[in-house]
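Remember, predicted model here, so these are calculated numbers, not experimental data. So that the names make sense, note that chain A is the first sequence line, chain B the second, and so on, each numbered from 1.
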Protein chains: 2
Amino acid sequence: MLFDATTKDTFLNIFEGAPERSLKAGDMLVHAGAEAESVYNIVEGTLMVTRIGNDGRRQVMSFLFPDNFIGLTTDRYFFAVQAVTDARVVSRPRAVLESRLEEDAEAGKAFLNMVYRVLENSMDLVYSIGQRTAVERVAVFLLYLRNRQKVVLNVDDDAPVLSRINLPMSRQDIADFLGLKKETVSRSFTQLDERGHISRPDNSHAVIDDLAGLRKLAGIQDFSSPLRPGQSR
Amino acid sequence: MLFDATTKDTFLNIFEGAPERSLKAGDMLVHAGAEAESVYNIVEGTLMVTRIGNDGRRQVMSFLFPDNFIGLTTDRYFFAVQAVTDARVVSRPRAVLESRLEEDAEAGKAFLNMVYRVLENSMDLVYSIGQRTAVERVAVFLLYLRNRQKVVLNVDDDAPVLSRINLPMSRQDIADFLGLKKETVSRSFTQLDERGHISRPDNSHAVIDDLAGLRKLAGIQDFSSPLRPGQSR
DNA sequence: CGAGGTTTTGAGGCGAGTCAAGGCGTGTGG
DNA sequence: CCACACGCCTTGACTCGCCTCAAAACCTCG
């Protein structure tokens, strides 16, 4: 597949001086089924990985942010990657990545670690969609965005900036990510607001007023903690 | 995380002559949160990867079959691995795997390809749980088991053996895998039966009578085909 | 043959989906 | 700069699919 990194990994130096490409919101960077000739790294903006069924049902697999890597697949892309906001990416031929990973064992290790993190994210999503209620899923989603922002800004977990959550994607996008309908996402935001967990200055922002409460709802100690879900039955 | 391979990959030769361990149905091979000292390969039997929330909700992430690899994580296991049936696995210290991947670029490539396949499987599951109805999920599940069996037996897709599906796991396990309740899984089997897609000689077997119909229900041409879901909207 | 567990089936409830209307924000053209 | 139009978001009323709770059927194993 294609997907996201999260930290500055050693292998990312293949993108130094790489050609840049600008995308408008809505533009497709990668089409499902296309040959995976290039790999990308995000410089600015938000993108999303989507998979669309024969009958039109769409699942958003992941949202991607600056410094996230795109290109986790063997020879063909199985999923599409689309710009959510205007964005800039840098690209390199896949072969450049591959020879880098072959030559430098350290880079190979870092790359593998990134793939593991992507796999973790995917499993987090499986757990969310499979086990949590609508409100819980939206709560987890906000914590997920908060954590991404924390990584992008490279700040402490208690940094005040993190309480203001940017929501560049539409309600429909969120719904397709969480396995809900857009109306349900909207109602869930309203509920979190009414319960005092969040407030909503405008449609593309949410402010976390009660982090502990959100985390409790999500059944999570800390989104980036090693034992996220806990292990007792 | 930890997880599964699917074919005989070059890196698997680290398990040649490795010590074997026997498991009884229900035994835990790996505990969530434990240090990942060893990696495993399945010789015989069925296992499953699970994640359990604080409140007891359980998500089965994957079922594992012979020649599937267990050990996709950095330093700690985030998930548990449990035997579904009596099983035998071989194990090696993680360090052995790591040095193998470092020394042999070919093995590293094969390993990475396996991780990609695992990631694909995980995304397939996200799509199923997020977008499909109960009956569709069970239909896809049967095709998924059929495909696994095809790989294990190394036979053609139209091999008659494949029509008889072995279901070593309980209805509860299936439910926790598909994000449903066990009663719903049961009702979905009944529906597939009534519609003439399958028959059920006993509780641990299903026979596919109408492969084309199942595939249509699942919205899939072929489970192992490159463009599984299709790409039009 | 009986006990315990699992699966199936049934009846009823509830959470999320559907369909539809209204509100709000944004951007464009007058 | 305002007015309007359009798209997106929210809210409401109603529906439906899956869940819950419960009982009966079945299977397994002593």
Side-chain angles (χ1 to χ4, degrees), chain A residues 24-26 46 48 55-60 84-86 128-142 165-195 198-207 217, chain B residues 24-26 48 55-60 84-86 128-142 165-195 198-206 217:
Chain A
K24 290 261 156 228
T46 304
M48 60 182 174
D55 52 5
R57 286 180 280 192
R58 186 182 74 156
Q59 176 69 42
V60 174
V84 172
T85 64
D86 291 356
S128 270
I129 300 181
Q131 302 301 324
R132 295 196 238 251
T133 65
V135 181
E136 287 170 359
R137 286 182 219 182
V138 173
V140 170
F141 178 66
L142 289 172
I165 307 291
N166 191 18
L167 300 166
M169 66 293 289
S170 72
R171 294 293 186 267
Q172 183 65 63
D173 294 338
I174 299 174
D176 288 347
F177 181 60
L178 298 177
L180 299 169
K181 296 293 159 183
K182 56 185 191 305
E183 295 92 335
T184 305
V185 170
S186 187
R187 281 185 241 272
S188 299
F189 272 115
T190 304
Q191 271 201 52
L192 289 176
D193 194 337
E194 284 169 350
R195 293 189 200 175
I198 65 169
S199 45
R200 289 170 296 166
D202 63 78
N203 281 337
S204 61
H205 292 276
V207 174
L217 243 180
Chain B
K24 290 261 156 227
M48 62 183 172
D55 52 6
R57 285 178 281 191
R58 185 182 75 158
Q59 176 69 42
V60 173
V84 172
T85 64
D86 291 355
S128 268
I129 300 182
Q131 302 301 324
R132 294 197 238 252
T133 65
V135 181
E136 287 170 359
R137 286 182 220 182
V138 173
V140 170
F141 178 66
L142 289 172
I165 308 289
N166 190 19
L167 300 167
M169 67 293 288
S170 72
R171 295 293 186 267
Q172 182 65 62
D173 294 337
I174 299 173
D176 289 347
F177 180 60
L178 298 177
L180 299 168
K181 297 295 158 183
K182 59 184 187 303
E183 295 92 335
T184 305
V185 171
S186 186
R187 280 185 242 271
S188 300
F189 272 115
T190 304
Q191 272 201 52
L192 289 175
D193 194 338
E194 285 171 349
R195 293 190 201 175
I198 65 169
S199 44
R200 289 170 295 165
D202 63 79
N203 280 336
S204 61
H205 292 276
L217 243 180

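Taking both residues in full, the closest heavy atoms of A/D173 and A/M48 are given as OD1-CE, 3.6 Å, listed atom of the first, atom of the second, then distance.
When the side-chain contact (heavy atoms from CB on, under 4.5 Å) test is applied to A/N203, the partners found at least two apart in sequence or on another chain are A/R171.
The phosphate of C/dT9 has neither OP1 nor OP2 within less than 4.0 Å of any side-chain N or O from B/S186.
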Would you please test A/T184 and A/F189 for side-chain contact (heavy atoms from CB on, under 4.5 Å) and show each step? CA-CA 9 Å; A/T184 305; A/F189 272 115; over 6 Å; no
Derivation of the side-chain contact (heavy atoms from CB on, under 4.5 Å) call for A/T133 and A/R137: CA-CA 6 Å; A/T133 65; A/R137 286 182 219 182; over 6 Å; no
How does protein contact run along nucleotides 14-20 of chain C, one letter per nucleotide 5' to 3', with B for base contact, S for sugar-phosphate only, - for none, heavy atoms under 4.0 Å? --SSBB-
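One atom, CD of B/E194, and another, P of C/dT8, lie 12 Å apart when rounded to the nearest Å. Here D/dC29 presents its P atom at 13 Å from CG of B/N203, a figure rounded to the nearest Å. The CD1-C1' distance, from B/I174 to C/dT6, rounds to 12 Å in whole Å. When the C1' atom of D/dT10 is taken as reference, atom CD of A/Q172 falls 14 Å away, rounded to whole Å. Atoms NE2 (B/H205) and P (C/dT7) sit 13 Å apart, rounded to a whole Å. Taking atom CG on A/D176 and atom P on D/dC8, their separation rounds to 13 Å, with Å as the unit. With rounding to whole Å, A/R200 atom CZ is found 15 Å from C/dG25 atom C1'. Between the CE atom of B/M169 and the C1' atom of C/dT7 there is a distance of 16 Å, rounded to whole Å.
If you check the side chains of A/R195 and A/Q191, you find a donor sitting under 3.5 Å from an acceptor.
Counting heavy atoms from C-beta on, the side chains of A/L167 and A/L142 come closer than 4.5 Å.
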